[in-house]
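Just the heavy atoms: all of them, side chains too, but no hydrogens, waters or symmetry mates, feed the values below. Order of listing sets the numbers, starting from 1, for every ligand and every atom in it.
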Amino acid sequence: MGMFDKLAFYVGLKKREANVLVIGLDNSGKSTMLNHFKPEAAKSMEVVPTVGFSIEKFKTKNVSFTAFDMSGQGRYRNLWEAYYADCQGIIFVVDSSDKLRLVVAKDELDQLLHNPQIKNRRIPMLFFANKMDVREACSSVKVSSALGSRKNNKQTLAHHPI
Ligand SMILES: Nc1nc2c(ncn2[C@@H]2O[C@H](COP(=O)(O)OP(=O)(O)OP(=O)(O)O)[C@@H](O)[C@H]2O)c(=O)[nH]1
Ligand SMILES: [Mg+2]
């Protein structure tokens, strides 16, 4: 539960419940990552592309998380911003092996960071450089520099293969 513990560290000191928005391009592995954190009995056998969004609940020692697993498909990305105002944390998942679309991921990230619901708040963001098991995947450092990550926003880059 390392990733949620990390977010709990940032949001748990003041709040007992937190909404976490899980975003990133389609096929980046958001639902697979969340499935990985579920208890054995609740895991899906097969993860399929998300339609719209789905809601998952997780609990760490101090904080109950509601994760909004958003679809990353182009036609659904405009749904993300409807959840900005009411989220206390964001996990941005990147497919590190999808070099061609790193620029698209950056574009989406820039739009997110410029959104008034986000830019005027200090909101913890965690970047997950996924698919590190793929041989030609970019390193987490490369993913970070492709996204132009800003350390002063308390953003963290995770790169644990799942
Ligand atoms: N090799 C590899 N494949 C992964 C990894 N994580 C996810 N995948 C695969 O990537 C594909 C997409 O995973 P999803 O979890 O559905 O991706 P998503 O980001 O939820 O996609 P949308 O719901 O369409 O936005 C699936 O075939 C997964 O099995 C990983 O770490 N390594
Ligand atoms: Mg999904």
Determine yes or no for a side-chain-to-main-chain donor-acceptor pair under 3.5 angstrom, with Q88 supplying the side chain and N19 the backbone. yes
Please check if the side chain of S96 supplies one atom and the backbone of M132 the other of a donor-acceptor pair under 3.5 Å. no
Which atoms from ligand 1 have a heavy atom of T50 less than 4.0 Å away? 22 (P), 23 (O), 24 (O)
Counting backbone and side-chain atoms alike, is an N, O or S atom of T50 positioned under 2.8 Å from the Mg ion (ligand 2)? yes
What is the minimum heavy-atom distance between A85 and Q117, and which atoms define it? CB-OE1, 3.5 Å
Identify, by atom number and element, the atoms of ligand 1 in contact range of V134, meaning under 4.0 Å from any of its heavy atoms. 1 (N)
Taken to the nearest 0.5 Å, the spacing of E81 CD from L21 CG works out to 11.0 Å
S28 near ligand 1, heavy-atom distance under 4.0 Å? yes
Enumerated ligand 1 atoms positioned under 4.0 Å from heavy atoms of S71: 25 (O)
So, S31 and the Mg ion (ligand 2): N/O/S under 2.8 Å, yes or no? yes
Is a side-chain donor or acceptor of W80 paired with a backbone partner of S71 at a separation under 3.5 angstrom? yes
Given the rule that I, L, V, M, F, W and Y join up when any side-chain heavy atoms are under 4.5 Å apart, are L25 and I91 in one cluster? no
If you compare K131, R135, Q73 by their heavy atoms, the one closest to atom 8 (N) of ligand 1 turns out to be K131
Is it the side chain, the backbone, both or neither of N130 that has a heavy atom closer than 4.0 Å to ligand 1? side chain
What do the steps show when you test R77 against D26 for side-chain contact (heavy atoms from CB on, under 4.5 Å), and what is the final call? CA-CA 9 Å; R77 277 181 219 154; D26 49 299; 3.1 Å; yes
For ligand 1, which atoms, with element, lie under 4.0 Å from some heavy atom of L25? 19 (O)
Among the heavy atoms of L34, does any lie under 4.0 Å from an atom of ligand 1? no
If you take all heavy atoms of L102 and L147, which pair is closest and at what distance? O-CD2, 4.3 Å
Would you say G72 and ligand 1 have an N/O pair spaced under 3.5 Å apart? yes
Below 4.0 angstrom from a heavy atom of S31, which ligand 1 atoms are there? Numbered from 1 as shown, please. 15 (O), 20 (O)
Out of D69, N27, V47, D133, who is nearest to atom 11 (C) of ligand 1 when you count heavy atoms only? N27
Distance-minimising heavy-atom pair for R121 and Y84: NH1-O, 2.9 Å
Can you find an N/O atom of M132 closer than 3.5 Å to an N/O atom of ligand 1? no
